[in-house]
Protein chains: 2
Amino acid sequence: MAVGIRDVALAAGVSPATVSRVLSGKSVDPAMRDAVLKAVETTGYRPNLAARRLRSQHTNTIGLIVADIRNPFFTAVSRTIEDMASRQGLRIILCNTDEDPAKEDAYLDLMEEERVTGVILAPARSARRSKPRDFPTVLIDRTIPGEVFDCVVLDNIAMADALVQHLAHLGHRRIAGLFGAESNTGQERRKGFEDAAARLGIATTSHAVPHAQGEAAQMLHDVLAHADRPDAIVASNGVMLMGVLRELRALGLQVPADIALAGFDNIDWMEFVGEGLTVIEQPVEEIGRTAMTMLTDRIAHPDGPARKVVLQGRLIARGSSGAQAMRKTGTQAKAR
Amino acid sequence: MAVGIRDVALAAGVSPATVSRVLSGKSVDPAMRDAVLKAVETTGYRPNLAARRLRSQHTNTIGLIVADIRNPFFTAVSRTIEDMASRQGLRIILCNTDEDPAKEDAYLDLMEEERVTGVILAPARSARRSKPRDFPTVLIDRTIPGEVFDCVVLDNIAMADALVQHLAHLGHRRIAGLFGAESNTGQERRKGFEDAAARLGIATTSHAVPHAQGEAAQMLHDVLAHADRPDAIVASNGVMLMGVLRELRALGLQVPADIALAGFDNIDWMEFVGEGLTVIEQPVEEIGRTAMTMLTDRIAHPDGPARKVVLQGRLIARGSSGAQAMRKTGTQAKAR
DNA sequence: TTTCGCTCAGAAAACGTTTTCTCATGGTAG
DNA sequence: CTACCATGAGAAAACGTTTTCTGAGCGAAA
């Protein structure tokens, strides 16, 4: 039933080695090559990738491990990476950790067992030190503080600063910030947020929100039920923005009439809520492209120094008042 | 450098066969088992999956091929499937065809070369007959007309009917429908749409929209620029709804004040635009679960008859007037 | 013409496991 | 006490390729 390279060789009247050579594009006699190709056709041969990988000792596979595939930021980056990879003839294994360090470790183990060529990782752990792995790794979106890794991240501090500055120009004076507790990125944004507010003399409260849905909702509820409710809310990513929006609706608060809402990630629906949400747009395709390039570089030069690429985002000011403020102050982050 | 089962065996003072048996949970002498496990620990052994798959002839891998990973419907279904699969110790390979039959064929070839245990496929082709593959296959979201395959789909005709009925109760009399040209599902929804409209005496125009972004926008533009613009629009999926919304905004039309908008897929942002969009919610987790179950059944019984599971969706009526109409008429699709 | 490479194809080894085969040991039934 | 079967461990084969090794053929240089 199963047809192997042996059968093809038999059908073509050549040796298995020759078939292998034809298939991998080595130089062989044209007549033989044609015979082999015809035999491949007639026999319906399909190479067995497991055998090929075992013998050749390279898998042409890279692992892509993200924290949450439902987060449109990650799906967008994944798309870019997948496109680039398949153009280079690399297969990708996509994994989803759900911000769970245990799942992340399990997937990293899997990557070792798959003998992947390299891994692109959006790490879930923030401070935990993980055991060293023996494949090249590029981090995206987040770094691991204690470790030196190639990575490509947003300039979180500057972007959070721009956001606060924008809201301040609009006249907001009591801003609440919600930042992912698990991720290094969340905490960087928090720092940018607080520093900017301090500089501008804006009152803030900032909160580290856990990944768990229920706890996050509770925390948000507390923030809004507080005696002097903030007049603006900043959220650390697109998924959180969605959660905030839902809570605001439940409380009957209109955006931006009753309260302003801004944050990170430009997801396609954001232009439709109210007069549109002001956000920091991440250069998703460039993040993916850079990560992929860094990974192939690293594979080629395993011992070069670690590199960190920090990309600028773009402040998209929405809502009429927002646009007005933008024109007045020119608070626009330079792309790249 | 690379540590294999041979090294473990040496360290534990047993034969490689015994190590293999310990690792696959066969019964071995407890003392030996402990020695092996300790040796695994000290040597840092990681099994080579390629070798394992080659020898054992089963990959414990299933392929998941969807038409568009950016479509939240597919990401949601993927999540469910991935969760179920990893619980069963199955790895999944996720692929994205972009509605391109050529890419789909390429990925199906890949699946054969990977020797996957089975495939779950949301087919891009509508009528094209593909060559038979030698792995069990379950179709989701769409069927392939000429072929008999296990599949799990929405009751598209009934759901489209419910949508039209709902809009009719709301008083709409000129409804435009936009349906995916490539997919069988789009055409079923179109049929349900037109039949319902005919029965209720509603004027409709319906359009088969291509996957390409530009052409779709052009078609939509034509529909809205038409002399007597429709008073409601139905779109065949969540991504299309987004596109329509963008075009309406560009034309300065308010939803639902100027024109009603409804369709398929309940994506989280849909409750936030205007008074909320009325949609058919698909039972995504049940679709994923059913597909996975069908696939494992099929793997266990390769020769059983093909089964088709048709699931009901749920009409979510949004906007005050919509909710009112709902209360009045009780047009609620029964779940399951 | 002889010899020295050089190219190219087949034979055989190798990749790292699992599985089959073989054999020893020990317990049980006759 | 012998014969038989069951259990379990090591030896060796096998999985389907790629790659190394070997040798044949041939053109160019001496």
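Quick caveat, the model's predicted, so the values are computed rather than measured. Naming: A, B, ... by sequence-line order, numbering from 1 per chain.
B:R55 places its CZ atom 9 Å from the P atom of D:dG16, with the value rounded to the nearest Å. As rounded to whole Å, 8 Å separates atom P of C:dC15 from atom CD of A:Q57. In this structure, the CG atom of A:N48 is 14 Å from the C1' atom of C:dT17, given to the nearest Å. When rounded to the nearest whole Å, the span between CG of B:D29 and P of D:dA6 equals 21 Å. Going from atom CG of A:L54 over to atom C1' of C:dT18 covers 12 Å, rounded to whole Å. One can place CG of A:L10 at 14 Å from P of D:dT17, the figure rounded to the nearest angstrom. For the pair A:L49 CG and D:dC15 C1', the computed distance is 15 Å after rounding to whole Å. The CZ atom of A:R6 sits 11 Å away from the P atom of C:dA12 (whole-angstrom rounding).
Taking the side chain of B:M32 as heavy atoms from C-beta on, and the options C:dT19, D:dA9, C:dC15, the nearest nucleotide is D:dA9. Nearest to the side-chain atoms of B:R21 among the listed nucleotides C:dT20, D:dT17, C:dA12 stands C:dT20. Distances from the side chain of A:I5 to the nucleotides D:dT17, C:dG10, D:dG10 place D:dT17 closest. Candidate nucleotides D:dG10, C:dT19, D:dT17 were compared by shortest atom distance to the side chain of B:H58, and C:dT19 ranks first. Set against D:dT19, C:dG16, C:dG10, the side chain of A:K26 has D:dT19 as its closest nucleotide.
Salt bridge B:R79/B:E285: absent, no basic N to carboxylate O contact under 4.0 Å. B:R115 and B:D134 are not joined by a salt bridge, as no carboxylate oxygen comes within less than 4.0 angstrom of a charged side-chain nitrogen. For the pair A:K308 and A:D150, the salt-bridge criterion is not met [side-chain N within less than 4.0 Å of a carboxylate O].
Residue B:S56 places no side-chain N or O under 4.0 Å from the OP1 or OP2 atom of C:dT18.
Looking at heavy-atom distances under 4.0 Å, A:S20 makes contact with a base. Residue B:S24 is classed as having no contact, given no heavy-atom separation below 4.0 Å to the nucleic acid.
In this structure, the side chains of A:V66 and A:C95 stay at 4.5 Å or more apart for every pair of heavy atoms.
Around CD of B:E41, the count of heavy atoms belonging to other residues, nucleotides or ligands within 6.0 Å does not exceed 12.
Nucleotides of DNA chain D nearest to B:T18 and B:A51 differ in position, and the one nearer the 5' end is that of B:T18.
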